[in-house]
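Contents: one structure, followed by commentary.
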Amino acid sequence: MSRPRPPTRADPDRRRAVAGVAALILLRLLLDLRRLWADPLRFVHWEEAWNVTAGRVAWATGRPDLLLAMQNKAFCGGCSVVGALGG
């Protein structure tokens, strides 16, 4: 009784499966990018960019006490901390 041989690198079924998975990943990426390009303000709020800049300026001017005042209600406030840390 012969043992079944393991799939080789040139196995057409394996290549087809890998190509199918790669195509599905690419399709998902393209659909997500299309949503982002169609309505970017839905995913990024203007206040996030403002807090990073204001956090960096507050830290650079020696006013770290302003960081707590910049913590807004809609977001966690991590943007101003990242800006202060120089990220």
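Computed from a predicted structure; not experimentally measured. The analysis underlying the following values was restricted to heavy atoms, covering all of them including side chains, and did not include hydrogens, waters or symmetry mates. Here, residue 1 is the first one in the sequence, and each next residue gets the next number.
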Step by step, would you call Asp39 with Arg35 a salt bridge (charged side-chain N to carboxylate O under 4.0 Å, His left out)? CA-CA 6 Å; Asp39 190 11; Arg35 284 180 51 203; over 6 Å; no
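Taking the side chain to side chain contact (heavy atoms under 4.5 Å, CB included) definition, one finds that Leu26 meets it with Leu30, sequence neighbours left out. Residues forming a side chain to side chain contact (heavy atoms under 4.5 Å, CB included) with Arg16 (at least two apart in sequence, or on another chain): Pro12, Asp13.
In this structure, Leu24 stands alone, with no Ile, Leu, Val, Met, Phe, Trp or Tyr side-chain heavy atom under 4.5 Å from its own, directly or through other members. Under the 4.5 angstrom side-chain criterion for Ile, Leu, Val, Met, Phe, Trp and Tyr, the cluster partners of Leu33 are Leu29, Trp37.
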